[in-house]
Amino acid sequence: MSDLKRVLSEAVEAAFAELGLPPELGRVTASDRPDLADFQSNGALAAAKRVGKNPRELAAAVAERLAGDPRLAAVEIAGPGFINLKLTDAALSARAQQIAADPRLGAETVAEPRRVLVDYGGPNVAKPMHVGHLRASIIGEAIKRIYRFRGDEVLGDAHFGDWGYQMGLLIGAVMDEKPAVAAIVEALNAGETAETPEDVGAAFDTVSLADLDRLYPKAAAKGKTDTDYRDRARKITAALQDRQPGYFALWQRFRDVTQVALERDFHALGVDFDLWKGESDVEDLIDPMVAELDAKGLLVDDQGARIIRVSREGDKKQLPPLLVVSSEGSAMYGTTDLATILDRRKSFDPALIIYCVDQRQADHFEIVFRAAYLAGYAGEGSLEHVGFGTMNGTDGKPFKTREGGVLKLNDMIELTREKARERLHEAGLGENLPAEAFEDIAGKVAVAALKFADLQNFRGTSYVFDLDRFTSFEGKTGPYLLYQAVRVKSILRRAESEGVTPGPITISEPAERELTLTLDGFETALAEAYDKKAPNAVAEHAYRLSQAFSKFYAACPILQAEPAVRASRLALAATALAQLERALDVLGIAVPERM
RNA sequence: GCGCCCGUAGCUCAACCGGAUAGAGCACUCGCCUUCUAAGCGAGCGGUUGCAGGUUCGAGUCCUGCCGGGCGCGCCA
């Protein structure tokens, strides 16, 4: 079930081998000049260099051997020695038929499936997500789905930032503001059980995410200047880590309200985690881990702290060590990360962990990874940081709202959704749909707009956050892709109601050829996205497919055509739809039935 | 100071182990709805790929230097 690129590569490689040339040079790629050919091989040029012969002569010799291939309508030599291949309509028809019959729509699976864990780099408890969290969720989700579709066993972990000093600060701040909560916390801490669970619940229910969001910045600021306040927060933090019942119960409340809000935001974005692990989950592993690192002789005392040196011979720059235990005796950011690697090894035992986190953390991860390799907690190369660019405003500076604050993710989704409603109304669409169905469409259009705007860019480049562009629904946008898909669905519905059924695919028109060649490119796009952790390759494919379909739609009437052609085109349209929906699904974008 | 990333059309971005004429969208100009959804299709306009060298038959892509921008550089996460 190989794609044409592979099939043709094999043919050309065989011809190379017969001529005594390195077969791998015969590799075929999609043509850079669609006006001249469907596929090309540049191997004669490279081979000529190696064997010291004229590239055009070599190309001609290869072409001669390919000439009899019934799949090829033309084999031509062009320029300095490109071998141009043009397929027959019959070969394209066969390939289209093959993709149509394939549940995977022409995509391969990896030869040896692995266990892979995707770490989304952790939203923090008590902080609602803002636009800065958008990329990690969108890209992480796409990578998770790409890996899964390729056949790996993949888990996505939200990986909460839910432990440490920030929690102590917040507990103190909430108790200051809510005496009823403070009373219960203190009673529980004192071991009193007089309060019924209902009373506890009622008091804790008054603690909302909005409270946490409001109190945290104030508490953090106060902790920086007010030493007494800071000391108290540290004591609470220590007590929390000792599982003092009151603090622990309140902390759990923080975690719960945060998770509910996060789940809502993530769900609205079509992002779903398999694991809701957090820093607190590995807290118990830290002491034994430190002891073990010590026993392995990896820990070094330095300036009162305990560190692991990770610099290597040949490093271009001196990497700082991993700070395992601070001079105050507490575990650090990297310590938790290391313990998490250990934890994952014991539970899921992934062959690869992908950290989908801001590019700025590159050094941090390099340090943690090296420490993990040194400690034997992970195989060399089994940890990978997949970084992405930062989120900036159109002025190139970190994005801020007009008021100068951060834009909450939930607000941004709602903003985009509102724009989608407007456009639907303008176009007079969905007016006779129930309100619920209308909202579903608006939501899907909004998510498609947001996600595609992000995913069409290579993840590594910096990101310009432009709300106008995000809410533009024309051109190379998510809604364009949905629109194309929905147009096919509309045709399929009509065909069904008229009793028209799809039949064998016969390719003849240029638009049909182009659509088939584009369908064939799915495998290449997925393979690239997988290897490079680059979802934009799939996004690009989805866009090209939509464009190719749209041209086909304009050039080739389906339902009005004579029966055999109609059946063929209907099948081709259905196949394009299936692959487009699959590609979008892999990007985490859902398609409505109509719009 | 050291290190990493980036610099491509007016704007936002692509470009498959280095390959032919560097592609899309937006914006701008023009054409196309009595036939399957015009959030569409077609055509046009727009480039010395930051600069200077080097390697190569061939460089946006690899190497060196420079200019410009972003980020990071042990007791926050």
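These numbers come from a predicted model, not from an experiment. Every chain is numbered from 1 and lettered A, B, ... according to where its sequence line falls, protein lines coming before strand lines.
Distance A/D337 CG to B/G74 P: 17 Å, rounded to the nearest Å. As rounded to whole Å, 17 Å separates atom P of B/C5 from atom CZ of A/R135. Atom NZ in A/K532 sits about 8 Å away from atom P in B/C17, given to the nearest Å.
Here A/R27 lies in heavy-atom contact (under 4.0 Å) with a base. Using a 4.0 Å heavy-atom criterion, one finds that A/S327 contacts the bases of the nucleic acid, with or without backbone contacts as well. If you check every strand for non-hydrogen atoms under 4.0 Å, A/K551 touches sugar and phosphate atoms only.
Here B/C75 is the nucleotide among B/C75, B/A77, B/A14 with the atom lying nearest to any side-chain atom of A/L323. Minimum atom distance to the side chain of A/N457 is reached by B/A14, of the listed B/G19, B/A14, B/A77. Out of B/C16, B/U35, B/C75, the shortest distance to the side chain of A/Q560 is found at B/U35. Checked against B/C75, B/C36, B/G25, the side chain of A/Q547 finds its nearest nucleotide in B/G25. Distance from the side chain of A/Q361 is smallest for B/A77 among the nucleotides B/A14, B/C75, B/A77.
The existence of a salt bridge linking A/R569 and A/E562 is excluded, since no basic side-chain nitrogen approaches an acidic carboxylate oxygen closer than 4.0 Å.
Here A/F82 counts as stacked on B/A20: its ring centre is under 5.5 angstrom from the base ring centre and the planes meet at under 30°.
Between B/G60 and B/G19, the two P atoms lie 9 Å apart (nearest whole Å). Comparing the P positions of B/G50 and B/U61 gives a spacing of 8 Å, expressed to the nearest Å.
Ring pair A/F438/A/H425: centre-to-centre distance below 6.0 Å.
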